[in-house]
There are 2 protein chains.
Amino acid sequence: MSAYGELQLDALGDATRRGILEALLSGPLPVGKLADRFPVSRPAISQHLRVLERAQLVTHRTSGTRRVYRLDPEGIDSLREYFDRFWTQALASFKQKVEEPSANGD
Amino acid sequence: MSAYGELQLDALGDATRRGILEALLSGPLPVGKLADRFPVSRPAISQHLRVLERAQLVTHRTSGTRRVYRLDPEGIDSLREYFDRFWTQALASFKQKVEEPSANGD
DNA sequence: ACTTACCGTAAGTGAGTGCTTACGGAGAGC
DNA sequence: GCTCTCCGTAAGCACTCACTTACGGTAAGT
């Protein structure tokens, strides 16, 4: 599951995609409503949604001619696990640095 | 502090920079040692470090002619707060969806 | 003082990518 | 059945950005 971490982080590397995710925090939205919130065209949003879906950060449900997108709990959670590991190791690193001031001879 | 969130997320959008951060999890490293771990040139690493430092994800300490880089606890923590808010809202969103199955008439 | 090691910066290049316009398909309403 | 809405996809373009080579500057060693 962590193999998608790369895709997910890359997906987060774009401001518009982050905006899409934040917009979906308030609940599912169809593509049109989503596109209205951003200064780019609807196809652009569609392409971003494809990237986000490929990274397992969003899912869609077809409702008639509409595509309602929502956050993907699994992907979000796997991303959380990735960061949790990072925080844990980072804290360990900081702690170690404090305990071992500068006893390096090289 | 959250104003740097954009810079930080953008910084995480590159695989090499993520690799640098992960390498620094094991402790501080000079630029040269850092560059040896990646298939790119040393100047490329320097440029990545500049981006990371601008995003407050790393700091450097000059030791003679060496520049020893390490993770920046403050930036890392502010990033963690950003994600924590995201998880919280995401969970609330998922929960709300469950409680309100599909009572939408539109 | 001269050389060597370590590193940042500048300039230039190529590939990736985010955007637009144009198009086609599928479902809902009259 | 026809139209209209909603949306994905294709093609093309411009811009960003990651990378390289070249250069200069500083500190340590002899």
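When reading the values below, keep in mind they use all heavy atoms of this one structure, side chains included, and skip hydrogens, waters and symmetry mates. Lettering of chains follows the sequences in order, A, B, ..., and the numbering in each one begins at 1.
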Checklist line | N/O (side chain, R67(B)) to phosphate O (OP1/OP2, dG8(C)) under 4.0 Å | finding: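 Yes, within the criterion.
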To the nearest angstrom, how far is [X] atom [atom1] from [N] atom [atom2]?
X      : N       : atom1 : atom2 : value
R66(B) : dG8(C)  : CZ    : C1'   : 17 Å
R54(A) : dT9(D)  : CZ    : C1'   : 16 Å
R61(A) : dC6(D)  : CZ    : C1'   : 15 Å
H60(A) : dC6(D)  : NE2   : P     : 17 Å
F38(A) : dG18(C) : CZ    : P     : 14 Å
L12(A) : dT17(C) : CG    : C1'   : 17 Å
R18(A) : dG18(C) : CZ    : P     : 11 Å

Note to self: Under 4.5 Å between side-chain heavy atoms, counting indirect links through other Ile/Leu/Val/Met/Phe/Trp/Tyr residues: same cluster for L24(B) and V68(B) or not?
What the structure shows: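 L24(B) and V68(B): separate clusters.
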Check: How about F86(B) and L21(A): do any of their side-chain heavy atoms sit closer than 4.5 Å?
Finding: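 The answer is yes; the side chains approach within 4.5 Å.
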Item checked: Min side-chain heavy-atom separation D72(B)-D77(B) under 4.5 Å -> no
Next item on the list: Quick one: closest heavy-atom pair of R17(B) and A11(B), and the distance?
Entry: NE-O, 2.8 Å
Rounded to the nearest 0.5 Å, what separation is found between the [atom1] atom of [X] and the [atom2] atom of [Y]?
X      : Y      : atom1 : atom2 : result
L29(B) : R37(B) : CG    : CZ    : 5.0 Å
L49(B) : H60(B) : CG    : NE2   : 10.0 Å
L7(A)  : L12(A) : CG    : CG    : 11.0 Å
E22(A) : L71(A) : CD    : CG    : 10.5 Å

Note to self: Nearest to the R50(B) side chain among dG8(C), dC6(C), dT9(C), which nucleotide is it?
What the structure shows: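 Taking heavy atoms from C-beta onward, the closest nucleotide is dT9(C).
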Next item on the list: Please work out if Y69(B) contacts a base, only the sugar-phosphate, or nothing of the nucleic acid, heavy-atom cut-off 4.0 Å.
Entry: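 Y69(B): backbone/sugar contact only, no base atoms under 4.0 Å.
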Check: Tell me, for nucleotides 12-30 of chain D in 5' to 3' order, what letter each nucleotide earns: B for a base near a protein heavy atom under 4.0 Å, S for only sugar-phosphate near one, - for neither?
Finding: ------SBBBB----S---
Checklist line | Terminal axis angle for the helix from dA1(C)-dT30(D) to dC30(C)-dG1(D), five pairs an end, nearest 10 degrees | finding: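 The value is 20°.
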Note to self: Can you see whether S78(B) engages Q56(B) through a side-chain donor-acceptor pair at a distance of less than 3.5 angstrom?
What the structure shows: no
